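Here is the structure we will look at.
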Amino acid sequence: MKNKLTHLAIIMDGNGRWAKERGHIRTKGHEKGADVTRNITQYCAEHPTIETVTFYAFSTENWKRPKYEVNFLMKLLNAWLLNELDTYHKFGAKFETVGDIEGFSPKLQETIAYIKRETAHHTNVTQILALNYGARDEIAKAASRLANRDEEITEDSLGAELNTPYRDIDLMVRTSGEQRLSNFLLWQLSYSEFYFTDTLWPDFTPEELEDIIDQYLHRERRFGAVS
Ligand code: FPP
């Protein structure tokens with residue numbers, strides 16, 4: 001029987017290398033990468049079963065990057081979101097985030113809240129950007145909230161307390177040849193299928209995603225049971 005694909009997650013990696021290979025500064029790769037995020041969101045909005053696509057856009061560890069690159073990513077995100085509003089409407093895409101956005105500037109927080117409000121009614125796909133996100137931080141804070149309320153910590157209660165009350169992830173794709181999770185959605189990826197491609201994120205296409213999805217659909221998922 002074929003697998004169903006409802007929730008796709010993507011670690012967009014390789015922007016810096018893509019730019020370097022072309023003799024550009026790293027930030028050029030992020031600019032091109034943001035275009036790819038749009039194309040893949042459109043693909044997901046048009047896909048018959050994908051309901052949610054979560055992109056890792058900025059991790060809690062990414063603050064360690066050179067200041068100019070962090071500033072560039074913040075500005076790009078703000079400009080990109082504002083510019084993207086028409087596209088969200090066109091694709092019928094709802095914008096959501098996961099991660100501690102209170103770590104961002106008030107202006108960026110306002111933009112994020114504005115785009116969430118404006119797109120809240122869309123139903124073709126939910127695009128979640130993981131922003132200032134770290135899975136260990138998410139799990140630790142959820143456990144601490146339960147403990148502070150004197151509630152029992154179980155798989156169900158902790159799962160529901162996480163900031164990502166979305167379905168488990170079916171398929172996780174990481175680009176650029178790196179094969180690690182980098183503190184991304186550790187809880188939600190427990191039973192996901194993984195796919196690692198050497199393609200750098202700015203070169204990633206909906207056609208390649210379609211091939212990956214075709215392979216996923218025919219993999220055997222056993223969830224710990226036997227076939
Ligand atoms: C990884 O490439 C990419 C990031 C840390 C940021 C992801 C950001 C984007 C795709 C662009 C912004 C996105 C939006 C939606 C506005 P890297 O810099 O780690 O590349 P490298 O491993 O080759 O150095």
Side-chain angles (χ1 to χ4, degrees), residues 8-45 52-88 90-91 93-101 103-105 107-116 118-119 125-135 137 172-185 196-206 208-209:
L8 170 71
I10 303 186
I11 301 182
M12 313 180 277
D13 199 6
N15 295 345
R17 277 163 284 169
W18 181 91
K20 201 167 161 212
E21 277 174 9
R22 284 160 182 77
H24 299 314
I25 51 168
R26 294 175 50 81
T27 49
K28 264 263 172 262
H30 296 316
E31 258 170 20
K32 180 73 172 42
D35 292 341
V36 175
T37 309
R38 175 185 311 119
N39 297 341
I40 297 300
T41 301
Q42 175 170 20
Y43 173 88
C44 293
T52 311
V53 55
T54 301
F55 295 99
Y56 207 2
F58 195 85
S59 77
T60 44
E61 285 71 38
N62 284 153
W63 296 106
K64 294 182 206 150
R65 292 187 172 216
K67 206 169 173 223
Y68 89 89
E69 186 173 337
V70 171
N71 288 342
F72 179 90
L73 279 169
M74 295 299 133
K75 278 203 186 122
L76 173 67
L77 184 61
N78 196 66
W80 188 80
L81 283 173
L82 290 171
N83 191 50
E84 213 54 16
L85 186 55
D86 284 348
T87 327
Y88 285 115
K90 197 164 131 210
F91 300 163
K94 173 176 166 178
F95 169 67
E96 272 295 340
T97 61
V98 59
D100 185 8
I101 57 170
F104 292 149
S105 71
K107 182 174 151 195
L108 181 51
Q109 289 186 49
E110 236 174 71
T111 301
I112 289 171
Y114 169 66
I115 304 295
K116 280 185 187 172
E118 292 292 314
T119 62
V125 74
T126 299
Q127 178 209 63
I128 304 177
L129 293 189
L131 295 171
N132 197 19
Y133 176 82
D137 178 64
M172 194 287 295
V173 178
R174 182 170 189 149
T175 58
S176 91
E178 308 293 353
Q179 303 195 5
R180 52 178 173 263
L181 283 181
S182 305
N183 204 12
F184 186 46
L185 300 169
F196 298 98
T197 168
D198 287 339
T199 306
L200 303 175
W201 180 248
D203 289 328
F204 193 69
T205 59
E208 181 170 0
L209 177 59

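As the structure lists them, so they are numbered: ligands from 1, and atoms in each ligand from 1. Being a predicted model, the structure only gives us computed values, none of them experimental. Computed over heavy atoms, backbone and side chain alike; hydrogens, waters and symmetry mates excluded.
Side chain of N71 to backbone of Y68: no donor-acceptor contact under 3.5 angstrom is found. Listed for the E96 side chain is no donor-acceptor partner under 3.5 Å among the backbone atoms of I128.
Less than 4.0 angstrom separates some heavy atom of R26 from each of these atoms of ligand 1: 17 (P), 18 (O), 24 (O). When each atom of ligand 1 is checked for a heavy atom of N62 under 4.0 Å away, the hits are 5 (C). For ligand 1, the atoms sitting less than 4.0 Å from at least one non-hydrogen atom of H30 are 11 (C), 18 (O), numbered in the order shown with element in parentheses. Residue-ligand proximity, A57 to ligand 1, at heavy-atom distances under 4.0 Å covers atoms 6 (C), 7 (C), 8 (C). Near L76, meaning under 4.0 Å from one of its heavy atoms, ligand 1 places the atoms 12 (C). Within the listing of ligand 1, atoms 5 (C), 17 (P), 18 (O), 19 (O) sit less than 4.0 angstrom from a heavy atom of R65. Within ligand 1, counting atoms from 1 as listed, the ones closer than 4.0 Å to a heavy atom of R17 are 21 (P), 22 (O), 23 (O).
The aromatic rings of F104 and W63 are tilted relative to each other, their planes meeting at an angle between 30° and 60°.
Side-chain contact between F95 and L85: absent, with no pair of heavy atoms (C-beta onward) separated by less than 4.5 Å. The shortest distance between side-chain heavy atoms of I40 and P206 falls below 4.5 Å. Proximity of R180 to F196: side-chain heavy atoms (C-beta onward) are nowhere separated by under 4.5 Å.
Residue, atom and distance of the protein heavy atom nearest to atom 3 (C) of ligand 1 are M12 O, 3.2 Å. In terms of protein heavy-atom proximity, atom 10 (C) of ligand 1 is closest to N15 ND2, 3.3 Å. Looking at atom 20 (O) of ligand 1, its nearest protein heavy atom turns out to be G16 N, 3.0 Å.
Scanning both residues, A9 and F184, for their nearest heavy atoms gives CB-CE2, 3.9 Å.
The heavy atom nearest to atom 14 (C) of ligand 1, considering only A19, A79, A34, G14, is found in A34.
At under 3.5 Å, not a single nitrogen or oxygen of T37, backbone or side chain, sits near a nitrogen or oxygen of ligand 1. Residue Y56 has no N or O atom closer than 3.5 Å to an N or O atom of ligand 1.
The closest approach between any non-hydrogen atom of E178 and ligand 1 is not below 4.0 Å. Heavy atoms of S176 come nearer than 4.0 angstrom to ligand 1 in no pair at all.
One finds a salt bridge joining R38 and D35 here, because a Lys/Arg side-chain nitrogen approaches an Asp/Glu carboxylate oxygen to under 4.0 Å. A salt bridge links K28 and E31; the closest N-O separation between the charged side-chain nitrogens and carboxylate oxygens is under 4.0 Å.
A 6.0 Å sphere centred on NZ of K20 holds no more than 12 heavy atoms belonging to other residues, nucleotides or ligands.
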